[in-house]
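Numbers for residues simply follow the sequence, beginning at 1. Both counts, for ligands and for their atoms, begin at 1 and track the order of listing. No hydrogens, no waters, no symmetry mates; every other heavy atom, side chains included, goes into these values.
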Amino acid sequence: MKKDIYVTRSSMPTYEEYCEAIKPLWESRWLTNMGQYHQELEQKLKEYLEVPEVSLTVNGHMALELAIQSFGFSEGSEVITTPFTFISTTHAIVRNRLQPVFCDVKESDGTIDETKIEELITPKTVAILPVHVYGHICNVEAIQQIADKYGLKVIYDAAHAFGEKYNGVGVANFGDASIFSFHATKVFNTIEGGAVCSKNHEIYEKLYNLKNFGIRGEELVASVGANAKMNEFCAIMGLLNLKHLSESITDRKRVHEEYCGALTGVNGIKVFDMEDCSITRNYAYFPILIDENYSLSRDELYNKLAENGIHVRKYFYPATADQACFKNLYKNVELNYARELVKKVLVLPIYEGMSQEDISRVIDTIIQ
Ligand SMILES: *Cc1c(COP(=O)(O)O)cnc(C)c1O
């Protein structure tokens, strides 16, 4: 029996490297509460992402929840968002007592269809929350134009787009805030972790309060806040993974190119067009779309791969608007392309260090 291949595998420093790096914590006994490594990682990420403000959090979901909260929208306000995403995006809106208004996505890349946003705006709309899904960058210019015209905030869920650039500009510079996830399964990980990026120091300060109980002094609690800080062990993991990130991305690119070469042109399989050279990519995911010209249905291929020990994922099925917890609760909008995409998509295994043999096994199983 051949070994199983999973959709991803966490990038890690060597065991020795990590052990060496965490040693000082046994001296200082300073394990969390915005310690030295938390500060250092915020600084390094500001440089890497070329963004003015980075606030680290315990995970990507809390980054998004608190980023939304930092704008202080009034309860019941509407947020225009995409249903073609991980459930976290929609949860973060709803848990802020806001109403998600789902907007359809583009067939070309799965990001929010900017031409359909304006018709969804009402007097209750306060923000647009798009997702750079699979690292495909949204039409940031058009979205900003709409936001400016109607006085809306733009918050990007950039969980898939860590380190990407659009026309040479770090992706977190677009909109009023962007969040990243540093979950173990993401391109860059801190085991669990996340960050909110913004251009505005006021947002950074608000997040500082929101992630640490609003504590501003030994006897001063300035505002109501949660606990969503990143600890020092995670920050150190991040500092080490960041050092190796460019090699890691280069290696993912190798896998990406192998897949592209072998699968482009296969009857019934669509590979997203990645020719757009305005985007510097991170090769986080390799989604393919299976249509009726393929010999098997999407689910049959999923099962066939699983029988061969290859565990691909239906990221993201069903659309979040159609999940049990949200179905029929919100404004009924036509989501034709989103509902098409979720039925066709499979995300193939891609990670640093994926062997040639494993890549071939995936390709051969699909082509056979
Ligand atoms: C991973 C992910 C999140 C949540 O991040 P966590 O770090 O797992 O909390 C949010 N949105 C998207 C699109 C994601 O892929």
K.L.:
Should the pair Arg216-Glu205 be classified as a salt bridge under the 4.0 Å nitrogen-to-oxygen rule?
P.N.:
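Looking at Arg216 and Glu205, the cut-off is met.
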
K.L.:
Indicate whether any N or O donor in one side chain lies under 3.5 Å from an N or O acceptor in the other, for Tyr283 and Glu257.
P.N.:
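Distance-only check fails for Tyr283 and Glu257.
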
K.L.:
Pair Glu300, Lys304 - check salt bridge (charged side-chain N to carboxylate O under 4.0 Å, His left out), show working.
P.N.:
CA-CA 6 Å; Glu300 284 165 348; Lys304 184 179 162 202; over 6 Å; no

K.L.:
State, without any angle test, whether Glu192 and Asn59 hold a side-chain donor-acceptor pair at a distance under 3.5 Å.
P.N.:
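Looking only at side-chain atoms, Asn59 and Glu192 do not form any donor-acceptor pair under 3.5 Å.
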
K.L.:
So that I can tick it off, tell me whether Lys44 and Glu40 are bridged by a salt bridge, with the cut-off set at under 4.0 angstrom between side-chain N and carboxylate O.
P.N.:
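Yes, charged N to carboxylate O under 4.0 Å.
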
K.L.:
Which pairs of nitrogen or oxygen atoms, taken one from ligand 1 and one from the protein, are under 3.5 angstrom apart?
P.N.:
residue: ligand 1; atom: 5 (O); partner: Ser181; partner atom: OG; Å: 3.2
residue: ligand 1; atom: 7 (O); partner: Gly60; partner atom: N; Å: 2.8
residue: ligand 1; atom: 7 (O); partner: Ser181; partner atom: OG; Å: 2.7
residue: ligand 1; atom: 9 (O); partner: Gly60; partner atom: N; Å: 3.3
residue: ligand 1; atom: 9 (O); partner: His61; partner atom: N; Å: 2.8
residue: ligand 1; atom: 11 (N); partner: Asp157; partner atom: OD1; Å: 3.4
residue: ligand 1; atom: 11 (N); partner: Asp157; partner atom: OD2; Å: 2.7
residue: ligand 1; atom: 15 (O); partner: His160; partner atom: NE2; Å: 2.8
residue: ligand 1; atom: 15 (O); partner: Lys186; partner atom: NZ; Å: 3.2

K.L.:
Between His38 and Phe233, is the ring centre distance below 6.0 Å?
P.N.:
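Ring centres of Phe233 and His38 not closer than 6.0 Å.
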
